[in-house]
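Values below: every heavy atom of this structure, side chains too, minus hydrogens, waters and symmetry copies.
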Amino acid sequence: MSTTLVAPGEQSAGESDRRIINDFSIQVATVNGSGSQTANTVLMRSIFQMGIPVSGKNMFPSNIAGLPTWFTIRASRHGFVGRKKEVDFLVAMNAETAQEDVRKLDSGAAVVYDAPLGLNQIRSDLHFYPVPFDKLVGPVCPEAKLRKLVRNMIYDGVMANLLGIEMEEIGKALYKQFGARKAKAADLNMGACRAGYDYAAQHFTKTDPFRVERMNSTAGKIIIDGNSACALGAMFAGVTVVTWYPITPSSSLVESLIGYLKRCRIDRETGRATYAVVQAEDELASIGMAIGAGWAGARSMTATAGPGISLMAEFIGLGYYAECPTVIVDVQRVGPSTGLPTRTAQGDLLFCATLSHGDTRHPMLFPSNPEECFAMTMEAFNLAERFQTPVFVITDLDLGMNNWMAEPFAYPDKPIERGKVLSAADLERLGGFARYQDVDGDGVGYRTLPAATSHPQAAYFTRGSGHNAKAQYSEREDDYIQNMDRLAHKFESIRGAVAPPVADYNSRAAIGLVCCGTSNWAADESRFQLRDEYQFETSYLRLLAYPFNRDLVDFIRRHERVYVIDQNRDGQLLQLMRLDLDPAELAKLRSVRYYGGLPLDARTLTDEIVRQEGL
Amino acid sequence: MSTTVTPPPRKVNRIGLDVLSYKGGKTTLCAGCGHNSISERVIECFYELGVEPWMVTKFSGIGCSSKSPAYFLNLAHGFNGVHGRMPSVATGAMLANRRILAIGVSGDGDTASIGIGQFMHLLRRNLPLIYIIENNGVYGLTKGQFSATADLGSKLKTGVINDQPPFDCCALALEWGATFVARSFSGDKKQLQAILKAAISHRGLSVIDVISPCTTFNDHEGSTKSYAYMKDHDEPVNEVDFVPHFEDISVEIPEGGVQDVRMHDGSLLRIKKLGRDFDPTDKLRSLTELHQAQQRGEVITGVLFVDTGKPDFHDMLHMVEEPLATLPESRVRPPKAVLDQLMEELR
């Protein structure tokens with residue numbers, strides 16, 4: 001490849017013919033707290049508005065200001081919205097990381113950079129576009145203290161010019177972002193954007209191949225993060241008690257929910273809330289409150305991440321044994337304490353499935369996109385009340401905190417399911433009840449609600465494992481065994497009630513891929529790569545819930561080998577299958593794992609499958 | 001020929017229930033345990049006040065104290081939670097249904113050690129819960145280890161001397177925002193009854209620290225939580241009378257030294273001073289008294305603080321009057337138009 005440094009007014013030869021349309025990734029490297037989020041969102045949104053499938057991923061440090069942060073925008077005419085491993089277009093705004101960022105690029109990538117960084121000295125196989133940001137920002141932003149923020153909008157203009165993004169769309173996205181109330185700020189930012197556009201138009205000749213062209217693949221779609229989608233699911237599920245403790249990456253879920261509830265769930269006549277939200281003192285308390293509320297008949301929930309789940313272990317075990325409904329949204333992230341709290345992982349699968357001491361099993365739902373975040377959070381409340389048990393919605397930082405394209409959410413078409421709750425009239429008719437009696441053969445007893453079922457025979461005493469069917473204290477062996485067997489039977493009923501996996505059988509495929517959650521996006525693209533590059537066909541099964549049902553067994557039986565995809569070191573999804581499957585099925589399983597803290601990308605997956613298959 | 005024996009008329013309270021309707025299961029605690037006396041007071045108070053037992057909900061953590069809710073009010077729901085975390089379960093349940101009349105029973109280990117965090121934050125929220133600490137200075141169910149309320153120098157049966165200073169749960173409750181604080185002794189039937197009734201009428205968090213001797217592990221010479229020690233060192237700061245709202249409130253006002261506190265439900269709490277100048281509406285004064293009493297080796301009992309004017313947690317959260325638990329779907333699931341509008345904004 002020839003040297004493609006572009007000096008003002010100069011054009012390098014041989015590059016203008018090759019065009020890569022709507023298929024590239026942009027990485028914007030900035031400093032945390034520099035206000036780049038607006039510029040990045042506007043850039044992403046304007047590509048989306050041009051009808052091109054797009055995704056945005058923020059890779060940020062555990063820090064408020066000063067540390068490096070990277071935002072990646074991917075445009076994909078094929079609709080692949082997972083992380084792309086290769087960066088095609090770098091916007092280098094952070095002096096601290098710029099050199100390394102440039103060194104990591106593949107040959108042929110393009111770089112917009114802050115001119116004083118002199119990045120074109122490092123390599124000769126890239127397309128360089130130096131922009132004197134400080135010089136440009138002065139005239140468009142007279143107020144010096146705002147310059148740091150406005151400066152970032154200049155690269156939106158530069159990128160619009162270089163990629164062919166319509167300025168009208170940039171403007172539309174920008175004014176949407178600021179809203180009508182901040183029109184003045186929007187004007188200021190738009191001015192900076194134009195300055196960038198004009199500078200690029202006057203000084204650069206485009207040499208890189210990356211361009212956008214209008215498509216029609218995003219019409220009617222929305223852009224939303226998974227946490228907001230879960231929050232909406234909770235609100236439309238009719239959540240009444242929300243208890244939480246702030247933790248990345250789940251905080252924004254509850255914060256969005258508070259916003260939605262304030263807006264949509266204030267009683268018109270009285271001006272009072274039809275809900276309660278409590279920021280608890282810790283996760284020990286937030287789960288205790290959620291369980292207490294579920295026990296007393298609220299639709300209750302909490303949202304947390306791995307460290308919070310660890311603290312909740314004892315209470316969730318009690319919730320299982322005392323049979324209290326509640327919903328726990330676990331937005332998974334990397335490991336305990338400090339380290340990588342702002343990076344993604346699927347590290348809580350095994351832990352959540354059997355959380356707490358003693359024999360415990362918990363249902364888990366695995367959304368992989370915002371539509372499922374919405375629908376599954378809603379369904380989790382129904383399952384929790386129907387089966388009187390804590391239910392997990394397992395998402396992750398990638399899904400929860402990043403912006404995704406989605407179809408507008410469908411309004412629920414069935415009423416809320418409140419499960420088996422006896423009224424005073426029921427008790428009058430029945431002459432009493434036994435709380436833990438399996439009357440219907442599904443392992444689920446009937447319950448009453450304190451102070452809501454106003455009847456002398458409504459009361460029962462709730463405690464952990466030591467009780468008989470009438471909820472009386474018992475340490476008898478037979479009572480304990482009967483209760484445990486009924487709980488196991490109840491779990492089997494749950495197995496029949498949760499959503500079956502999504503399967504794509506390929507009659508020419510000898511191997512299958514299985515995954516859950518956000519691994520879907522890398523898996524989807526990897527299957528395309530395997531077919532396109534290796535003529536290798538695969539079938540695909542995406543698990544939507546735990547406990548797994550027969551479909552998983554059938555899928556394994558119909559393939560020679562099955563690759564189980566995990567975003568953790570120890571193959572937790574595969575290990576979870578070990579609890580259910582027989583040895584013949586297990587022998588067919590292979591493990592593909594990624595645990596670097598970034599969203600899994602297709603290339604990593606493809607390379608590993610190719611290696612294991614010896615292709 | 002038959003003879004008809006007319007049974008003596010059944011004694012009932014104002015809602016027509018007899019005292020049996022307020023009883024619980026047979027206690028499994030040790031004979032002479034102070035906790036059993038407290039359970040009896042709870043039964044009497046709810047019976048005498050004519051509270052519908054099915055509107056009461058009992059909460060507890062783990063320990064001997066926390067077993068006791070099974071021994072009163074069988075007609076009330078109960079939740080035996082995990083160690084030290086009764087406050088969170090009670091909070092959740094009471095948010096689900098604000099009509100619950102909640103009584104929580106905890107111990108000194110459950111409250112002052114593993115549960116100190118939840119205890120503190122419960123106080124901050126002024127949840128309308130009656131929080132009884134059955135305080136005996138030891139862990140009974142694990143066989144006699146010191147708790148964090150054991151006094152400095154107090155001796156275990158094994159001869160081990162406590163070398164750490166105690167937490168005074170009443171002083172902490174005052175500091176952290178309780179709106180009703182009292183200390184009593186399981187052996188003082190009259191005082192404990194009046195305090196409990198006042199707590200039932202109080203809208204806000206009531207902390208009642210009841211010294212409740214453990215006959216098995218902490219009732220010996222050298223213990224500062226024994227019956228004998230309490231008999232010698234119990235110093236009531238006031239005499240408390242409770243006149244429920246449904247009785248003739250125009251009771252005779254005795255001469256001097258009486259403070260009347262009107263409770264939320266209209267009942268009257270009449271606090272009669274005993275010797276010292278003690279004002280249970282003066283928080284700082286109460287704190288000073290507690291500290292001074294401790295230095296003197298006295299255990300002051302009585303109503304230590306009452307404030308009926310603070311908003312409770314439900315008010316703070318500005319919740320609807322009806323229980324959240326039973327709101328119909330039409331009030332908790334916004335209509336389709338709302339979702340459509342939200343989706344439109346995200347396009």
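- Here CD of A/E417 is found 10.5 Å from CD of B/E329. Values are rounded to the nearest 0.5 Å.
- Each of B/E322, B/M319, B/E321 was evaluated against A/R272; a single residue qualifies, B/E321, per the side-chain contact (heavy atoms from CB on, under 4.5 Å) test.
- Expressed to the nearest 0.5 Å, how far CG of B/L339 lies from CE of A/M235 amounts to 8.0 Å.
- Contact of A/R463 with chain B is made through backbone and side chain together, with heavy-atom distances under 4.5 Å.
- The contact between A/V277 and chain B is made entirely by backbone atoms, counting heavy-atom distances below 4.5 Å.
- Neither the backbone nor the side chain of A/A406 has a heavy atom closer than 4.5 Å to any heavy atom of chain B.
- Side-chain contact between B/R333 and A/Y411 is present, with at least one heavy-atom pair separated by less than 4.5 Å.
- B/A70 touches chain A through backbone and side chain together, each having a heavy atom under 4.5 Å away.
- Contact of the B/N80 side chain with the A/Y473 side chain is not registered, since no non-hydrogen atoms from C-beta on lie closer than 4.5 Å.
- For B/P87, no part sits under 4.5 Å from any heavy atom of chain A, backbone or side chain.
- Rounding to the nearest 0.5 angstrom, the gap separating the CG atom in B/L346 from the CG atom in A/L232 is 7.5 Å.
- Residue contact with chain B, scored on non-hydrogen atoms closer than 4.5 Å, is absent for A/A290.
- Of the possible polar contacts, one joining the A/K176 side chain to the B/R347 backbone as a donor-acceptor pair under 3.5 Å is found.
- Residue contact with chain B, scored on non-hydrogen atoms closer than 4.5 Å, is absent for A/T218.
- Residue B/R125 touches chain A through its side chain alone, counting heavy-atom pairs closer than 4.5 Å.
- With contacts defined as side-chain heavy-atom distances shorter than 4.5 Å, the pair A/P450/B/F79 does not qualify.
- Under the 4.0 Å criterion applied to side-chain N and carboxylate O atoms, B/R85 and A/E314 are assigned as salt-bridge partners.
- Between atom CG of residue B/N97 and atom CG of residue A/L449 there is a gap of 8.0 Å, rounded to the nearest 0.5 Å.
- Heavy atoms of B/E345 lying under 4.5 Å from chain A belong to its backbone as well as its side chain.
- Note on A/L284, A/T243, A/I291: by heavy-atom pairs under 4.5 Å with chain B, the leading option is A/L284.
- Only the backbone of B/N74 comes within less than 4.5 Å of a heavy atom in chain A; its side chain stays farther off.
- If you take CG on B/L95 and OG on A/S300, they are separated by 10.0 Å, rounding to the nearest 0.5 Å.
- Looking at A/Y275, the atoms closer than 4.5 Å to chain B (heavy atoms on both sides) all sit in the backbone: N, CA, C or O.
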